[in-house]
Amino acid sequence: MARQLPVRQLRPVVLDFADTAPLRLSFTADLSVPVERVYTALADEVEAWPSWFAAVTELRPTADGKGREVRLKGGGFFDETVMAALPGERYAYRVDRTNAPGLRALLEDWHLAPSPAGGARVRWTMAVDGTPALRTVLRLGKPGLGASFRDAMRKLERRLRP
């Protein structure tokens, strides 16, 4: 029988945590679809995330779209608060409760802009505060997180192409 991890309340953070967190991991991809369409997929079609982001098994909006419940492969979960929803520009949320060990605070920040080729440039930043061991694991795991992000963006692009 699998051991259940304890649920913990994380420290609430504000948007500038994306710039001030002890650990920031950022990844960028250019997609050949319009910025507005990418924003809609991120912010309005949250229940479809599992079809393009492999780590997510279930995502549903809560609090009339001001929150999210996320289930991850391996049994992890996040209860989140949406911190920014600026159509065509930015979508950010912080994790309020989780069973992920070592986390103290987490904010994910998606920035969108037109790409030079005429589609969308997507930058995803994970802003993290956690135990030294967790920060080390995330730094070492950055290549894997980057690969997961690139795979998600390829799948999202295929899903959004007309």
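The analysis underlying the following values was restricted to heavy atoms, covering all of them including side chains, and did not include hydrogens, waters or symmetry mates.
- For the pair Val128 and Ala21, the tightest heavy-atom approach, listed with the atom from each and the gap, is N-CB, 3.6 Å.
- To the nearest 0.5 Å, atom CG of residue Asp19 and atom OG1 of residue Thr125 are 8.5 Å apart.
- Checked by atom type and distance alone, the side chain of Glu157 pairs as donor or acceptor with a backbone atom of Ser32 at under 3.5 Å.
- For the pair Glu69/Leu59, no side-chain contact is recorded, criterion being any heavy-atom separation below 4.5 Å from C-beta on.
- In this structure the side chain of Val38 never reaches within 4.5 angstrom of the side chain of Thr40, judged on heavy atoms.
- Looking at Ser115, its side chain does come within 3.5 Å of a backbone N or O of Gly119 through a donor-acceptor pair.
- A 4.5 Å side-chain heavy-atom check between Asp151 and Lys155 finds at least one atom pair inside the cut-off.
- Looking at Asn99, its side chain does come within 3.5 Å of a backbone N or O of Phe77 through a donor-acceptor pair.
- In this structure, Arg68 forms a cation-pi arrangement with Trp49, its terminal cationic atom sitting closer than 6.0 Å to the ring centre and no more than 45° off the ring axis.
- Ionic pairing of Arg37 and Glu45 is present here: one or more N-O contacts between side-chain nitrogen and carboxylate oxygen are shorter than 4.0 angstrom.
- Met126 and Phe17 are members of different hydrophobic clusters when ILVMFWY side chains are connected at heavy-atom separations under 4.5 Å.
- Met153 approaches Trp52 most closely through the heavy-atom pair CE-CZ3, 3.6 Å.
- Counting only distance, with no hydrogens or angles, the side chain of Thr57 and the backbone of Arg71 share a donor-acceptor pair below 3.5 Å.
- Counting heavy atoms from C-beta outward, Glu58 and Val70 have side chains that stay 4.5 Å or more apart.
- Contact of the Pro114 side chain with the Arg121 side chain is not registered, since no non-hydrogen atoms from C-beta on lie closer than 4.5 Å.
- Although no hydrogens or angles enter the test, the distance criterion places no donor-acceptor pair under 3.5 Å between the side chain of Asp79 and the main chain of Gly67.
- One distance of note links CZ of Arg123 with CG of Asp30; it measures 12.5 Å at 0.5 Å rounding.
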### Task
Please step through side-chain contact (heavy atoms from CB on, under 4.5 Å) for the pair Arg97 and Leu10, ending with a clear verdict.
CA-CA 6 Å; Arg97 291 178 356 111; Leu10 300 187; over 6 Å; no
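- In this structure, the side chain of Lys73 does not engage the main chain of Val56 through any donor-acceptor pair within 3.5 Å.
- Annotation: side chain of Asp109 is in contact with side chain of Arg90 (closest heavy-atom distance under 4.5 Å).
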Inset, instruction - Go through the steps for Thr81 and Asp96 under the test side-chain hydrogen bond (donor to acceptor under 3.5 Å, both in side chains), then give the verdict. - result: CA-CA 7 Å; Thr81 297; Asp96 296 317; 2.4 Å; yes
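- Proximity of a side-chain donor or acceptor of Arg104 to a complementary backbone N or O of Asp129 within less than 3.5 Å is not detected.
- No salt bridge links Glu47 with Arg60; every basic N to acidic carboxylate O contact stays at or beyond 4.0 Å.
- A continuous path of hydrophobic side-chain contacts links Tyr91 to Leu112 [ILVMFWY only; heavy atoms under 4.5 Å].
- At least one side-chain heavy atom of Leu145 sits less than 4.5 Å from a side-chain heavy atom of Phe27.
- The closest donor-acceptor contact from the side chain of Arg8 to the backbone of Leu103 lies under 3.5 Å.
- For the residue pair Leu138 and Leu25, the shortest heavy atom distance occurs at O-CD1, 4.0 Å.
- At a threshold of 4.5 Å between non-hydrogen side-chain atoms, the residues Phe78 and Leu106 count as touching.
- In terms of heavy atoms, Pro50 sits closest to Val46 at CD-O, 4.2 Å.
- From Glu108, atom CD reaches atom CE of Met83 across 13.5 Å, with rounding to the nearest 0.5 Å.
- Clustering ILVMFWY residues whenever any of their side-chain heavy atoms sit less than 4.5 angstrom apart, transitively, puts Tyr93 in the very cluster that holds Leu42.
- A distance-only check finds a donor-acceptor pair linking the side chain of Arg135 to the backbone of Gly130 [under 3.5 Å].
- In this structure, Ala152 and Phe53 approach most closely via the heavy-atom pair CB-CD1, 3.7 Å.
- A donor-acceptor contact shorter than 3.5 Å links the side chain of Arg24 to the backbone of Ala18.
- Aromatic ring orientation, Phe149 versus Trp110: tilted (interplanar angle from 30° to 60°).
- Scanning all heavy atoms of the two residues, the minimum distance from Arg159 to Ala48 falls at NH2-CB, 3.2 Å.
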